[in-house]
Amino acid sequence: MNKVLNLNGRTITLIGTAHISAESIKEVENTITEIKPDCVAIELDDKRAEAITNKDKYRQVDIVQVLKRNEGFLLMANLILASFQRRMGQNVGVKPGDEMLAGMETAKSMGIPVVMADRAIQTTLKRAWAKNSFWGKCKLLSMLIASAFSNEEFSEEEIEDIKNKNEMDSMMAELSDYLPVVKTVLIDERNEYLATKIWQAEGNSVVAVLGAGHLEGVEEYLKKLAANEVTPNLTEYDVIPKKSAAGKIFGWLIPAAIVALIVAGFIYGGAQLGSQMILSWVLWNGCCAALLTLLAAGHPLTILVAFISAPITSLCPFIGCGFVTAIVQAMVCKPKVKDMETLQDDVTLKGFYTNRILRVLLVFILSSLGSSVATFVSGADIIGKLVK
């Protein structure tokens, strides 16, 4: 699906693709070859472009460093989304991003400069997570989990229909209703980002290769840029929203409330009641975190660490139980080269247990979930003991 825009003496050709479409690959190659533009803009950031051109990229994953950078969830989300697209494209023999690769290679063979026009995927995912409410985060996680274990298959005709405007409008409306913040970050913000980068590309003739879902939004924003109705500003979309003062206070409020309740138990009920409260806190947190770590097939030492660390980390907003357990799991069950080589293909129910990198991420997610649930359950139990 092509759209040709004549703006302020420049010709900008937008190619709307389905990311796993064999037809899109041909369309990209033919359009660039026929137009011979001054520049080609690609809907990728530098790291994703490197991942597409360097097939060994995932073999270089250092899971411990990922966890230390607090990017465990981001890696999990990235792998799930990539795996879902890979499974969709298996029926037509196309891998996700093949049309982007075709655009880069065609431009390179013709000596045409290439611009990576998209925002860094890490920034996009971090903004989507940070701007979501607690309920929105839960829905986002459920959507990712459903994608990871979905067995839905798509025919070539259904994949091509993704480029159809009515089909795309329906998908965007559904996403907007279910996860409005995610739709804003993943689609609307990136439309403006992509359009700005395309507009700033050098030359009077530019071809841009982007997903069909961005076509209409990018076209609209390009027209605004040409008419000077908006001022190009990429900086605001690269900022990760910081936790608000209220959020920071809330992060300490629950631990402070738990400690205050236990102290009150010692004051009004004596050592027996206070000790019961501490025991309740330790057992609920330790058992829930350990149980879900066991569910993730964590190493026995990891399960023990989950039991010991959860009651402590639940009182400290600076470090989570999942971080501790995942680090231990990665150390006692070190990932092998084979795990790195098959990482993207192993994003299945079985793969999360057989691939050591994915099992580390599963331990991270489930032990964190167990600790979080236990905090509220044990808190309610402590309150119950105090008011008896």
Side-chain angles (χ1 to χ4, degrees), residues 1-7 10-35 37-49 51-53 81-82 85 88-89 94-108 112-121 123-124 159-165 167-169 171-172 175 183-203 205-226 232 234 237:
M1 183 190 299
N2 286 8
K3 285 201 173 184
V4 180
L5 309 177
N6 293 303
L7 303 171
R10 302 177 72 197
T11 301
I12 299 177
T13 304
L14 306 178
I15 309 175
T17 72
H19 292 311
I20 45 173
S21 162
E23 190 62 35
S24 288
I25 296 173
K26 296 177 185 176
E27 189 174 12
V28 168
E29 292 173 340
N30 293 338
T31 301
I32 295 174
T33 302
E34 290 172 8
I35 294 178
D38 299 318
C39 185
V40 172
I42 305 289
E43 186 207 326
L44 289 174
D45 59 81
D46 291 331
K47 286 191 176 180
R48 278 187 293 158
I52 287 177
T53 54
L81 293 173
Q85 285 194 328
M88 285 178 65
V94 175
K95 296 188 291 296
D98 274 358
E99 86 285 15
M100 302 295 173
L101 182 60
M104 288 188 283
E105 290 181 343
T106 303
K108 183 179 179 181
I112 299 171
V114 177
V115 172
M116 299 305 148
D118 204 0
R119 179 173 62 188
I121 185 65
T123 302
T124 296
I159 290 171
E160 292 303 323
D161 281 344
I162 293 175
K163 295 185 289 185
N164 181 280
K165 187 175 186 297
E167 181 75 16
M168 189 57 63
D169 288 347
M171 291 169 64
M172 289 302 103
L175 179 61
K183 191 261 182 182
T184 297
V185 175
L186 291 186
I187 306 299
D188 299 337
E189 287 185 3
R190 287 176 61 219
N191 284 345
E192 297 183 10
Y193 196 99
L194 286 163
T196 302
K197 292 284 282 188
I198 293 167
W199 184 251
Q200 292 175 345
E202 296 183 1
S205 175
V206 178
V207 168
V209 184
L210 59 156
H214 294 290
L215 205 60
E216 189 172 339
V218 168
E219 177 187 7
E220 181 181 340
Y221 202 75
L222 279 169
K223 290 178 178 177
K224 290 181 179 179
L225 287 168
L234 298 179
Y237 293 137

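Keep in mind that this is a model prediction, so the values were computed, not measured.
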Task: Criterion side-chain contact (heavy atoms from CB on, under 4.5 Å) on Val185 and Thr124, from CA distance to verdict - done: CA-CA 7 Å; Val185 175; Thr124 296; 4.1 Å; yes
Would you name the heavy atoms of [X] and [Y] that are closest together and state the gap between them?
{"X": "Gly213", "Y": "Ile187", "result": "O-CG2, 4.3 Å"}
{"X": "Ala208", "Y": "Ile198", "result": "CB-CD1, 3.5 Å"}
{"X": "Cys39", "Y": "Glu202", "result": "CB-O, 3.3 Å"}
{"X": "Val114", "Y": "Ala107", "result": "CG2-CB, 3.5 Å"}

For the atom pair [atom1] ([X]) and [atom2] ([Y]), what is the distance rounded to the nearest 0.5 Å?
{"X": "Leu222", "Y": "Ile12", "atom1": "CG", "atom2": "CD1", "result": "5.0 Å"}
{"X": "Glu105", "Y": "Ile32", "atom1": "CD", "atom2": "CD1", "result": "10.5 Å"}
{"X": "Leu210", "Y": "Leu215", "atom1": "CG", "atom2": "CG", "result": "6.0 Å"}
{"X": "Leu44", "Y": "Met104", "atom1": "CG", "atom2": "CE", "result": "5.5 Å"}
{"X": "Met116", "Y": "Lys47", "atom1": "CE", "atom2": "NZ", "result": "15.0 Å"}
{"X": "Ile35", "Y": "Ile112", "atom1": "CD1", "atom2": "CD1", "result": "9.5 Å"}

Open item on the list: Name the residue from Thr13, Val40, Val209, Leu14 that meets the side-chain contact (heavy atoms from CB on, under 4.5 Å) definition with Thr31.
Closed with: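 One option only clears the test, and that one is Thr13.
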TODO: Start with the C-alpha gap between Glu27 and Thr17, add the side-chain angles, then the distance that decides, and say whether side-chain contact (heavy atoms from CB on, under 4.5 Å) holds.
DONE: CA-CA 9 Å; Glu27 189 174 12; Thr17 72; 5.6 Å; no
Going by the rule salt bridge (Lys or Arg N to Asp or Glu O under 4.0 Å), which residues pair with [X] if we only count those two or more places apart in sequence or in a different chain?
{"X": "Arg119", "answer": "Glu189"}
{"X": "Asp45", "answer": "Arg48"}
{"X": "Asp188", "answer": "Lys183"}

TODO: Sorted by first residue and then second, give each side chain to side chain donor-acceptor pair (under 3.5 Å) pair with at least one member in residues 191-200; sequence neighbours left out.
DONE: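 Checked against side chain to side chain donor-acceptor pair (under 3.5 Å) - neighbours excluded - the pairs reaching residues 191-200 are Asn191-His214, Glu192-Tyr237.
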TODO: Could I get the full list of side-chain contact (heavy atoms from CB on, under 4.5 Å) partners for Lys223, not counting sequence neighbours?
DONE: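 Here the qualifying residues are Leu5, Leu7, Glu219.
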Open item on the list: Suppose we screen for side-chain contact (heavy atoms from CB on, under 4.5 Å). Which residues come up paired with Glu29, at least two apart in sequence or across chains?
Closed with: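 With neighbours one apart ignored, the set is Ile25, Ala102, Thr106.
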Open item on the list: Does any part of the side chain of Asp38, heavy atoms only, come nearer than 4.5 Å to the side chain of Ser205, both counted from C-beta?
Closed with: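 Yes. Closest side-chain heavy atoms under 4.5 Å.
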